[in-house]
*Asks:* 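Okay, handing you the structure first.
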Amino acid sequence: MNQAEIKVQESVEKIVQDLYGIENPTVSFQKTRKEFDGDITLVVFPFVKMARKKPEQVAEELGTKLVEELDIVIAFNVVKGFLNLSISDAYWTNFLKEALVNEQFGKVAIDDQSEKMIVEYSSPNTNKPLHLGHIRNNLLGYSVAQILEASGINVFKVQVINDRGIHICKSMLAWQKFGNGETPESTGLKGDHLVGKYYVAFDKYYRAEMDKLVAEGMDKDAAKKKAPILIEAQEMLLKWENKDPQTIELWETMNKWVYDGFASTYDRMGVSFDKNYYESNTYILGKEHVLKGIESGVFYRKEDQSVWCDLTADGLDHKLVLRSDGTSVYITQDIGTAIERHQDFPFKKMVYTVGDEQDYHFKVLFIILKKLGYIWSEGCSHLSYGMVDLPSGKMKSREGTVVDADELMQKMNDEARAISEERGHLEGMDENYQSELFEMIGMSALKYFILKVDPRKRMMFDPNESIDLHGNTGPFIQYTYARISSILRKAEWNGDFTAIPLDEPTKNVIKKLHEYPQVIQTAASELSPALICNYTFELVKEYNHFYQSTPILRESDLSLKQARIALSTKVAQTIKSAMILLGVNVPTRM
RNA sequence: GGCCUCGUAGCUCAACUGGAUAGAGUACUUGACUACGAAUCAAGCGGUUACAAGUUCGACUCUUGUCGAGGUCACCA
């Protein structure tokens, strides 16, 4: 709720109490629709039952009282059960003046008392490069962290790197067999791509072996397990777990390649972490907690020595937490990681940015943590985002339809360059600025396109049509910013203004600015960058409308001119502020 | 099959969490550059919110059922 609404709410609560004897009323506001007079609208239906009067009458009574009691409410009208209130011009003007001098406008500052929260995102496997799915994950996680921070929460960004297990061994083994000592240096390939190449090579060889076995008469399921190269990979995993020096050395070498590769991808995406956790460490911790959990009766051991958790009381099933051979499964590692994180950074809340295919996993994880006595588990949640679909359907690595993250980012950059050159506004810009600019535009197109969709929903992405640069897009918002910047470069302005006449377009822009603080709060509680996108788009549209209909630099009345420059300045600042929450930069020229 | 998501304009997405006549972008049609930057603005076209019942002052939103799409039910991660 914004400042104006808070004032009105307080007043309404009192009035409703006095008039109708309603305790703790539900006061709900909405923006007044354009076809009616007024700025904010109070829905009076919730009161009519208690008041035992018609909606129109209740609204009439409330409106009269509000105008009497509050300076900021200057007029009202009633349409059915809707009470439309007009807020005074002085309120809007004062708001703009205050916002103008507030560099942190919209944000809540963080101090020692601020709530602590962990945001986990990314958390890749180390056997192949990042793809489009990871891009959605990374952009979401990073942006959510930024938004939470702006809302006044002390955020700690983390990931857990899945650096052990059979998938790594597959890449390692294939490299050993077919790699001829290739390195990123010798091939010029990014490390993660080189390792990914051998993961694919493994799969290809594995399939050939399976086909051969099947041709020799073995049934398919048996062949899956009996293929020699798979057995070899499993042996390698055992060697790894037994800390065989040569295996460990190879593992470290290839992981290093991958980390270097990831680092440059993250860097280009503009995301970062406060701490990385490594599964190769935390799976041991998890195991220890499970063993303790057996003693405390949270888990039980079967005859074959495997360890389980009975979740039937919670409406779920029995869940395996340790294999019969004593090795950890996925959830074991997550138990260890969560507990270690809480020790590192005693959070009140922790959110896991992970695809919705793992809904069940996190449900189980949070229950188990609670059973182990960690009440903070109640503050854990799963930001469950939908998959990214291609026009052809789901991305499938087997069918080679996976969209590579590095390639896609480069493609966006190329596209931005091509369109910029076609427009021909690049004269006078030096080479360095140009290349920064193409990156800025390309990345904004990509990021905005992905972030504007409600995270929880599955979304469509067509890499061939690439991404629009017109309409509801990142570059559209950047363009408005650049255009305002152009005005501000030419403006002579002392940083203040006296009064601003509130004609329709001007007032709409101010009202939109006025929403910003609340939008940040809502986006934070909903964990939804999409709300920031929608807001910024609306702000930009309102401003463009204003810009089209109103002279700014051309205005001859000096006082008016200054007021409009002031408004433009605040819009530019707010655009920039909002785009930073999305991880998007804005150019002053484009 | 059990459980969990989702189904909105031709396409991609919104709808302030139960509020007024369901909105944007794109595509298509049309108008506005001797201009503070046209990557813009303005107008038109486009809907039985998958379908059917129910709950109430009021339903895209909540309940149930049907149809359709996806996910998940591993000693994979």
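The figures that follow rest on heavy atoms only: side chains count, while hydrogens, waters and symmetry mates do not. Lettering follows sequence order; numbering is per chain, from 1.
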*Asks:* With heavy atoms under 4.0 Å as the rule, sort A:N84 into base, sugar-phosphate or nothing.
*Replies:* base

*Asks:* Using a heavy-atom cut-off of under 4.0 Å over every strand shown, decide if A:V43 touches base, sugar-phosphate, or nothing.
*Replies:* base

*Asks:* Could you check whether A:K54 pairs with A:E56 (Lys NZ or Arg NE/NH1/NH2 to Asp/Glu carboxylate O, under 4.0 Å)?
*Replies:* no

*Asks:* Given B:rA20, B:rA24, B:rA42, which nucleotide is nearest the side-chain atoms of A:H545?
*Replies:* B:rA42

*Asks:* Think A:R164 forms a cation-pi with A:Y283, using NZ or CZ under 6.0 Å from the six-ring centre and within 45 degrees of its axis?
*Replies:* yes

*Asks:* When you check the phosphate oxygens OP1 and OP2 of B:rC6, does a side-chain N or O of A:R458 lie under 4.0 Å from one of them?
*Replies:* no

*Asks:* Is it true that A:K225 and A:D221 make a salt bridge, defined as a side-chain N closer than 4.0 Å to a carboxylate O?
*Replies:* no

*Asks:* So what does A:Q478 touch, heavy atoms closer than 4.0 Å: a base, only the sugar-phosphate, or nothing?
*Replies:* nothing

*Asks:* If a pair means Watson-Crick or G-U wobble with both distances below 3.5 Å, what does RNA chain B look like in dot-bracket form, with | marking bases paired to a different strand?
*Replies:* (((((((..((((.....[...)))).(((((.......))))).....(((((..]....))))))))))))....

*Asks:* Is it true that A:K512 and A:E515 make a salt bridge, defined as a side-chain N closer than 4.0 Å to a carboxylate O?
*Replies:* yes

*Asks:* Going 5' to 3' through nucleotides 31-39 of chain B, assign each nucleotide B (protein heavy atom under 4.0 Å from a base atom), S (under 4.0 Å only from sugar-phosphate atoms) or - (no protein heavy atom that close).
*Replies:* -----BBSB

*Asks:* Tell me whether the side-chain N/O atoms of A:K457 come closer than 4.0 Å to OP1 or OP2 in B:rU12.
*Replies:* no

*Asks:* Does A:N413 reach the side chain of A:M443, with side-chain heavy atoms less than 4.5 Å apart?
*Replies:* no

*Asks:* Return the 5'-most residue of the pair A:W308, A:T32 with respect to RNA chain B, ranking by each residue's nearest nucleotide.
*Replies:* A:T32

*Asks:* Does A:R589 make a cation-pi contact with A:Y433, if we ask for NZ or CZ under 6.0 Å from the ring centre and within 45° of the axis?
*Replies:* no

*Asks:* Using a 4.0 Å heavy-atom cut-off, does A:Q30 contact any base of the nucleic acid, only the sugar-phosphate backbone, or nothing at all?
*Replies:* base

*Asks:* With a non-hydrogen cut-off below 4.0 angstrom, is A:K363 in contact with a base, only sugar-phosphate, or nothing?
*Replies:* nothing

*Asks:* Fit a plane to each ring of A:Y352 and A:F362, take the angle between them on a 0 to 90° scale, and name the class: parallel (under 30°), tilted (30 to 60°) or perpendicular (over 60°).
*Replies:* tilted

*Asks:* What is the distance from OH of A:Y535 to P of B:rC16, rounded to the nearest Å?
*Replies:* 18 Å

*Asks:* Whole angstrom is fine here: how far is it from CZ in A:R456 over to C1' in B:rC13?
*Replies:* 16 Å

*Asks:* So, do A:F45 and B:rG19 meet the stacking rule of ring centres under 5.5 Å and planes under 30°?
*Replies:* yes

*Asks:* When the distance from CG of A:L390 to P of B:rU12 is rounded to whole Å, what number comes out?
*Replies:* 13 Å

*Asks:* Kindly compute the distance separating NZ (A:K511) from CG (A:D39), expressed to the nearest 0.5 Å.
*Replies:* 4.0 Å

*Asks:* What distance separates A:F476 CZ from A:N544 CG, expressed to the nearest 0.5 Å?
*Replies:* 4.5 Å

*Asks:* I want to check one thing: is the phosphate of B:rU21, taken as OP1 and OP2, less than 4.0 Å away from some side-chain N or O of A:K80?
*Replies:* yes

*Asks:* Under 4.0 Å, counting only non-hydrogen atoms across every strand here, what does A:T41 touch: a base, just sugar-phosphate, or nothing?
*Replies:* base

*Asks:* Starting from the 5' end of RNA chain B, give me the residue, A:K541 or A:R323, whose nearest nucleotide shows up first.
*Replies:* A:K541

*Asks:* Look at all strands and tell whether A:V329 reaches a base, only sugar-phosphate, or nothing, counting heavy atoms closer than 4.0 Å.
*Replies:* sugar-phosphate

*Asks:* For a quick check under 3.5 Å, do A:S122 and A:N138 share a side-chain donor-acceptor pair by atom type?
*Replies:* yes

*Asks:* Scan A:D454 against the nucleic acid and name what it touches under 4.0 Å (heavy atoms): base, sugar-phosphate only, or nothing.
*Replies:* sugar-phosphate

*Asks:* Taking the minimum atom-to-atom distance to the side chain of A:R164, which one of B:rC75, B:rU21, B:rA77 wins?
*Replies:* B:rA77

